[in-house]
Q: 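A single structure is presented below for examination.
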Amino acid sequence: MTKALQGRRVSVIGAGIGGLTAAIALARRGAQVTVLEQAPQLSEVGAGIQISANAVRVLDALGLAPALADHALRNTGVRLHDDAGRVVLRMDLLRHRPDARFLVIHRPRLIEILHRAALDAGVTLRLGQRIETPPEGLVIAADGLRSPLRQHLNGQQVPFFTGQSAWRATIPDAGADQAVAQVFMGPGRHLVSYPLAHGIRNIVAVLERHEWQDEGWSHADDPANLRAAFAGFGGPVPGWLSQVRDVSIWGLFRHPVAPRWHDEGMALLGDAAHPTLPFLAQGAGMAIEDAWTVAACLDADPDTRAALARYQAIRQPRVTRIVQAANDNARNYHLQGVKRRAAHGVLRLADRFAPRLMPGRFDWLYDYDPMTDCP
Ligand SMILES: Cc1cc2nc3c(=O)[nH]c(=O)nc-3n(C[C@H](O)[C@H](O)[C@H](O)COP(=O)(O)OP(=O)(O)OC[C@H]3O[C@@H](n4cnc5c(N)ncnc54)[C@H](O)[C@@H]3O)c2cc1C
């Protein structure tokens, strides 16, 4: 095996989940990595995140399992409900994939874990560095949805509003040692909730709207607006929403998957290359997979352009499929009228008579092992 990254200087732009994971993966292979982040300090939105088995495999391979064990909960299943709170479909992740670990974690904790591991691997982090044009040398651009470096490779592109907005909130929780992600589906809206470690419950509530006129991409909102939008929902939802004290609302924007991910010395990674709707909980997961693969391809081939071309060839078809599946979920979660009754009826039948059918539909997503790429 070639060790083409040994001693090589690499700049990673952006210290989000993708950039920090890439920094660790590159440094573990002997690269001298500097992360350049525009923010004056590392921060993440105070919400939860689901990390599915395909991405947990990478975090484990990077030696993060012990830290994750302290701060993440194992996600054992997904339960779909209608807006009245009645169960539509249960997907038992443990029974279908007993050896795979699906996790939920508070985002700031995940960033802390990645930051600590990056420092331990010898990565240098420089804050307050906004990068508009690629620096000299090998560059990994993990600078998110509004990436200037994506534009450098693909020309001027403005992210489009997807017609969806999302409230994010956390509330106190009794404390759990495992999580089930519950999804409540109503016409034109849905709400996802799961417990996190350390007595917190995460809530994401998505509402279709025609346009996003508010200034900026997110802002604090009045919890009364969230409660009003989900007023008709039953089950545990009213009790959860009554506890929300602080909430922020996000306009969900994206680009198509970038046509061009690299040139001879720079590659895009994560949301910079392929922002997605969050309805399959895969945006960070894809960034984590990218991070492993770009490091593995660069290490395996001293010809940087060829290595980066191989990285794009491996990653682009997979992320395109994932982004499409997330778009499909957006449609299926928000159905109305006859279509909704028919779809829920089919899912209830599958729940009763073919419980392995629906979890099996996502084998291609969750059973994927990025470690088999660019070995
Ligand atoms: C409501 C919601 C729920 C979600 N839930 C999940 C989930 O459960 N599971 C999941 O896998 N994904 C989820 N996602 C998606 C996930 O959050 C993103 O896909 C992921 O965080 C992208 O990581 P990234 O590192 O590519 O980009 P970012 O997290 O956007 O990081 C980019 C970094 O680059 C920095 N930066 C930007 N521009 C510059 C510049 N010019 N110079 C220097 N630094 C710069 C930024 O400050 C930032 O730190 C969700 C998203 C939303 C909106």
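Numbering of ligands and ligand atoms starts at 1, following listing order. In this chain, numbering begins with 1 at the start of the sequence shown.
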Q: Any cation-pi pair here, Arg321 with Trp364, using under 6.0 Å and within 45°?
A: yes

Q: For the residue pair Pro148 and Ile131, what are the closest heavy atoms and their distance?
A: CG-O, 3.7 Å

Q: Minimum distance, heavy atoms only, to atom 15 (C) of ligand 1: which one of Pro278, Ala273, Gly283, Gly251 is it?
A: Gly283

Q: Where the closest heavy atom to atom 3 (C) of ligand 1 is concerned, which of Arg168, Glu132, Gln282 has it?
A: Arg168

Q: Could you pull out, from Gln38, Gln50, Arg107, the option with a heavy atom nearest to atom 13 (C) of ligand 1?
A: Arg107

Q: Test of understanding: clusters of I, L, V, M, F, W, Y form through side-chain heavy atoms closer than 4.5 Å, transitively. Do Leu268 and Ile322 belong to the same one?
A: no

Q: Which one holds for Gln129 and ligand 1: side chain close, backbone close, both close, or neither close, with close meaning a heavy atom under 4.0 Å?
A: backbone

Q: Honestly curious: do Val33 and Val139 fall in one hydrophobic cluster under the side-chain, below-4.5 Å linking rule?
A: no

Q: For Ile13, take its heavy atoms, then give the atoms of ligand 1 lying under 4.0 Å from any of them.
A: 42 (N), 43 (C)

Q: Indicate yes or no: does an N/O atom of Ala272 lie under 3.5 Å from an N/O atom of ligand 1?
A: no

Q: Is Glu37 in polar range of ligand 1, meaning some N or O pair under 3.5 Å apart?
A: yes

Q: Tell me: protein heavy atom nearest atom 29 (O) of ligand 1, and distance?
A: Gly16 CA, 4.1 Å

Q: Please classify the Leu36 to ligand 1 contact at 4.0 Å (heavy-atom distances, strictly less than): side chain, backbone, both or neither.
A: backbone

Q: May I ask you to identify the nearest protein heavy atom to atom 27 (O) of ligand 1, giving residue, atom name and distance to one decimal place in Å?
A: Gly144 CA, 3.8 Å

Q: Looking at atom 37 (C) of ligand 1, what's its closest protein heavy atom, distance included?
A: Asp143 O, 3.1 Å

Q: Taking distance alone, with no angle check, do Gly18 and ligand 1 share an N/O pair under 3.5 Å?
A: yes

Q: Which residue from Ala287, Ala284, Gly14, Ala326 reaches closest to atom 20 (C) of ligand 1 through any of its heavy atoms?
A: Ala284

Q: So which protein heavy atom does atom 19 (O) of ligand 1 come closest to, and at what separation?
A: Asp271 OD1, 2.8 Å

Q: Could you tell me the residue and atom name of the protein heavy atom closest to atom 7 (C) of ligand 1, and the distance to it rounded to 0.1 Å?
A: Ile49 CG1, 3.4 Å

Q: Between Glu289 and Arg57, does any NZ, NE, NH1 or NH2 come within less than 4.0 Å of an OD or OE carboxylate oxygen?
A: no

Q: Does even one non-hydrogen atom of Pro148 get within less than 4.0 Å of ligand 1?
A: yes

Q: For the CG atom on Asp246, are there more than 12 heavy atoms of other groups (residues, nucleotides or ligands in this structure) within a distance under 6.0 Å?
A: no

Q: Salt bridge check: are Asp301 and Arg310 linked by an N-O gap of less than 4.0 Å?
A: no

Q: Give me the residue, atom name and distance of the protein heavy atom closest to atom 32 (C) of ligand 1.
A: Ala142 O, 3.4 Å

Q: Using the test side chain to side chain donor-acceptor pair (under 3.5 Å), find all partners of Trp167 that sit at least two apart in sequence or belong to another chain.
A: Asp221

Q: Between Glu132 and Arg130, is there a side-chain N and carboxylate O pair less than 4.0 Å apart?
A: yes

Q: Out of Leu268, Leu110, Ile131, who is nearest to atom 40 (C) of ligand 1 when you count heavy atoms only?
A: Ile131

Q: Going through the distances and angles, do Ile288 and Met286 end up as a side-chain contact (heavy atoms from CB on, under 4.5 Å)?
A: CA-CA 5 Å; Ile288 291 168; Met286 288 189 283; over 6 Å; no

Q: Please could you name the atoms of ligand 1 that Arg130 approaches to less than 4.0 Å, counting only its heavy atoms?
A: 38 (N), 39 (C), 40 (C), 41 (N), 42 (N)

Q: Using a 4.0 Å heavy-atom cut-off, which part of Ile51 comes near ligand 1: side chain, backbone, both, or neither?
A: neither

Q: List for me each residue that meets side-chain contact (heavy atoms from CB on, under 4.5 Å) alongside Leu127, sequence neighbours excluded, and say none if there are none.
A: Glu37, Leu42, Leu125

